[in-house]
Amino acid sequence: MALERFEFEQGPIRPPSEAGSLLIRLTRNCPWNRCLFCPVYKKEKFSRRPVAEIKADISAMAEAAAKIRSISDSGSSPGGISRQALATIQAEHPELLQIAYWLYSGGKNVFLQDGDSLLMPLNDLLDILGFLKEKFPAVDRITTYARSKTLLRFSQSEIKLLGDHGLSRIHVGLESGSDQVLDYMKKGVTGEQHTEAGLRVKAAGLSLSYYVILGLGGQLLWRVHALDTAKVINRVNPDFIRMRTLAIHPASPLYDNFLDGSFLPLTDDQVIREELLFVESLEGIDSYLVSDHILNLLEEVEGQLPVDKEQMIGIMKRYLDWSAEKREIFRLGRRTGNFKFLNDLEQRVFAQPVEESYRQLQKHNISVDEQIRQLMLRFI
Ligand code: SF4
């Protein structure tokens, strides 16, 4: 029944870099669920899905892929379906569209959901990975989220075994390397545990992607947040460092701390100063740093370490050297979606409407900061 209707279950989130990946849900929600800054999965109970159910989902996806290929007239994309077939599927088989898009964009990447799926028994994980490769032999990248604490359940050779069965990258929410920040945010892990887990993943030969939350230390801990996060990263040398700026969601526990004044968030400009200190403190690593999230003010801070370090530092310094008014206009333009790069401010076609909005806010005595805070809530 499920196979005929191509039904399968999917969770609510995936990393931005997995936008084109096929999503396969192994677990539901997060087993920890206590991080103050996190609004996801709150009030939802964690559970492991039965292996048979997960395999049924994978089979349904494989059947859907086979049907899509049978509809397609030629293999004009790496995933073997043409643009014309995509249009036909959109019109006549909307239930197949998600898999069709995945195939059209290459059909190579899979992301295993939800927030901490390596909490499943090792043998179940190996079984699922084997089945996935059997049904989709062309898949060459399988990734998942994992908490550092969960990774420490596995020895290096067990992580390598997961790699041998096809798991290629692990996304870890490092958030911070500072014990003070991790403790305040109830992350449930220390900087040392982050380090140990990261080193294990690297030594096992898997790709490691770290998420760092800019601004997580707030006014009190921003410096130690920047320095200690860089320290952990310098020891681990992850393949990717992905930056994301803190935005306090009303559904997150941190919102109460924000309202009662016990957590004082950084302003955008302070976040860039913190980011500058962080990037300046990265030493002896060859990670690729990405700012691929709409919440980041300077998305163009991206590059290969160490060669692009000075160029990334230059972008932040250029912004900080601007006048207060110019920085405010850029921030407003960035948060309203008019600007992506610093150079956009120099282009009249982009800058004019933003400058007009800025003058209006000033005229009516409306705080630009408050306006920006409201705009940012749209992105979390
Ligand atoms: S471990 Fe991840 S998903 Fe779970 S509460 Fe923390 S940030 Fe949210």
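From a predicted model like this one, the values you see are computed outputs, not experimental measurements. FYI, side chains are in, hydrogens and waters are out, and symmetry mates aren't considered; it's all heavy atoms of this structure. The chain is numbered in sequence order, starting from 1. Just so you know, ligand 1 is whichever comes first in the structure, and atom 1 is the first atom listed for that ligand.
Here 1 is the count of protein N, O or S atoms positioned under 2.8 Å from atom 8 (Fe) of ligand 1, waters not counted.
Residues meeting the ring-ring contact (aromatic ring centres under 6.0 Å, His included) test with F240, sequence neighbours left out: none. For R141, the side-chain contact (heavy atoms from CB on, under 4.5 Å) partners at least two apart in sequence or on another chain are E18, S21, N109, T143, S168, R169.
Scanning both residues, Y145 and R14, for their nearest heavy atoms gives OH-C, 3.8 Å. Nearest heavy-atom pair across M316 and E275 is SD-CG, 3.5 Å.
When the shell of 6.0 Å around NZ of K326 is examined, it contains more than 12 heavy atoms from other residues, nucleotides or ligands.
Here is the list of ligand 1 atoms found below 4.0 Å of a heavy atom in R34: 5 (S).
One hydrophobic cluster, built from ILVMFWY side chains closer than 4.5 Å, cannot hold both W32 and I170; they sit in different ones.
Grouping Ile, Leu, Val, Met, Phe, Trp and Tyr by side-chain contacts under 4.5 Å, direct or through others, puts V224 with L36, F37, V181, Y184, M185, I213, L216, L220, L221, L246, I248, L254, Y255, F258, L259, F263.
Atom 2 (Fe) of ligand 1 has its closest protein heavy atom at K187 NZ, 4.1 Å.
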